[in-house]
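Every number for a ligand or one of its atoms is a count from 1 in the order of the listing. On a predicted model such as this, the values are computed, not experimentally measured, just so you know.
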Amino acid sequence: MSVSVAVLAAGQGTRMHSAKPKVLHELVGLPMLGHVLNVASQLADVPPVVVIGYGGDEVRRTLGDEWTYVEQREQLGTGHALLQCAEALSGKTDIVLALVGDIPLLRLETLQHLVEHHRDTNATVTVLTFRPPHPRGYGRIVRVDGGRVVEIVEDKVATDDQKLIGEANSGILCFKDEWLWPHLEKLSVSDVGEYFLTDLVGRAVAQGLLVEGVEVGDPDEVIGVDDRVKLARAALIFRQRLNEQWMRAGVTIVDPAATYLDVGIELGQDTVILPNTHIRGTTRIGNGCVIGPNSVITDCVIGNDCRVEASFAERATLEDGVDVGPFAHLRSGAHLAQRVHMGNFGEVKNSYLGPRTKMGHFSYIGDATIGSEVNIGAGTITCNYDGKRKNKTVIGDGAFIGSDTMLVAPVEIGAGAKTGAGSVVTHDVPPEAVAYGVPARIAGRSVGSQDGNRDEGE
Ligand code: UD1
């Protein structure tokens, strides 16, 4: 049996007190609607349809063109919202699953179970129910003698007796396609002026059709996030889930309560994550690494056996055996080849550092290509910006850059060349030559020690 999914996400979410639509608030690296769509797309046989309204353009921009969007111009209730999907979905599949955009913790297995139950019982409507600690505000599930579901009564219109019912509607319902659309069209407006999707339950029962209720195993899965307190709670639960998933896969997380992993990352076996570390976006980390404490890694690719201590890295690549920090900053396009050592207070941007190159102390390397086994002395700066353009620095294999060298780009330092401590290099230095002074002059070949050149990488 084929399934289509509609995600209702047109509401503003006034309790967020936010300029941003509620469903775009993020947890573990994705907007909550992104989490719902991830699950929806794994289940649906046709592209999921998202009902947008408040901040619709922003929702579309953020989530991208992968999804089908329909607009609900006025928020007239959940029944009216689903009706907007009629053109896109009617007749496309046997089953229509209605989800809401603010339930980010929902698991695929739960929805699969709901759909299977709906199919196996040949129900016309199946509702996913739960038992919240405080059911106020939720639609209540009315069953006859604790058995058959006969009605969902909204809190806004429930009697005092009905308000005592503990079983509530999660907001997720499954329908027979052929029955849903004609009945949705005929839905009448409720006493509070909204078209309640849940009124279809009573309608089906009145026609002698079967309505099923499936109670969710873990009520946390259907937490509706409508304010920032619930957002933080949902994020905490999601983080626990992700941490446990990685620990079970062979990653050591020393303090799960202080470890912040996004949903889209990958971690290798025997990697150790030390406390207060954030691993974000699309980051992939190999085996046997030690990350943290206090590191923030965003959209990076990190090989095996690397160490990143108390450092920030964004859109950087670290090959195997790279050692970074403490207090280093790798920015976009930084590429550290095998066994590069980058010590404290360094910054690298849009640059390649070849294998076994060392950059031990407070240097800035920007827009540079650096060979293998280069020693970058303490305080080295690539002066890459002349006020108008970013210029390139090239350093050959085995070069020795003395402490406090200013490399005024564009400039090239040949393989095996040396620069003296404190030199300001404004012209290219040939291979094996020595440059020293301000501005730097070239002197012979780089044999022996010159002008305070010392290996500052140790
Ligand atoms: C709804 C259910 C209630 C259930 C509760 C669970 C109905 C009538 N009631 O109530 O039984 O217990 O969810 O949280 O369905 N939306 C639109 N357009 C609209 C109205 C809502 O897209 O015109 C979207 C909202 O963005 C939201 C979702 O539908 O994501 C649920 O709407 P909300 O107003 O939160 O529903 P409740 O009244 O809380």
message: Walk me through whether Ser2 and Thr93 qualify under side chain to side chain donor-acceptor pair (under 3.5 Å).
response: CA-CA 5 Å; Ser2 54; Thr93 56; 4.7 Å; no

- prompt: How close do Gly303 and Cys289 get, heavy atom to heavy atom, and via which atoms?
  reply: O-SG, 3.1 Å

- prompt: What residues, two or more places apart in sequence or in another chain, satisfy side chain to side chain donor-acceptor pair (under 3.5 Å) together with Tyr364?
  reply: Asn384

- prompt: Is Arg148 paired with Glu212 through a side-chain N to carboxylate O contact shorter than 4.0 Å?
  reply: yes

query: Does any non-hydrogen side-chain atom of Trp67 lie less than 4.5 Å from one of Leu37?
result: yes

Audit row: Glu221, Arg107, salt bridge (charged side-chain N to carboxylate O under 4.0 Å, His left out) steps and yes/no: CA-CA 7 Å; Glu221 272 191 56; Arg107 286 190 169 94; 3.4 Å; yes

Pairwise, report which nitrogen or oxygen atoms of ligand 1 are under 3.5 angstrom from protein nitrogen or oxygen atoms, and how far apart they are.
from     : atom 1 : to     : atom 2 : distance (Å)
ligand 1 : 9 (N)  : Glu154 : OE1    : 3.0
ligand 1 : 9 (N)  : Glu154 : OE2    : 3.1
ligand 1 : 11 (O) : Gly139 : N      : 3.4
ligand 1 : 11 (O) : Glu154 : OE1    : 3.3
ligand 1 : 11 (O) : Glu154 : OE2    : 2.7
ligand 1 : 11 (O) : Asn169 : ND2    : 2.8
ligand 1 : 12 (O) : Gly139 : N      : 2.9
ligand 1 : 12 (O) : Asn169 : O      : 2.6
ligand 1 : 15 (O) : Thr78  : OG1    : 2.7
ligand 1 : 18 (N) : Gln72  : OE1    : 2.7
ligand 1 : 22 (O) : Ala10  : N      : 2.9
ligand 1 : 23 (O) : Gln72  : OE1    : 3.3
ligand 1 : 23 (O) : Gln72  : NE2    : 3.1
ligand 1 : 23 (O) : Leu76  : N      : 3.2
ligand 1 : 23 (O) : Gly77  : N      : 2.8
ligand 1 : 23 (O) : Gly77  : O      : 3.2
ligand 1 : 26 (O) : Gly11  : N      : 2.9
ligand 1 : 30 (O) : Leu8   : O      : 3.3

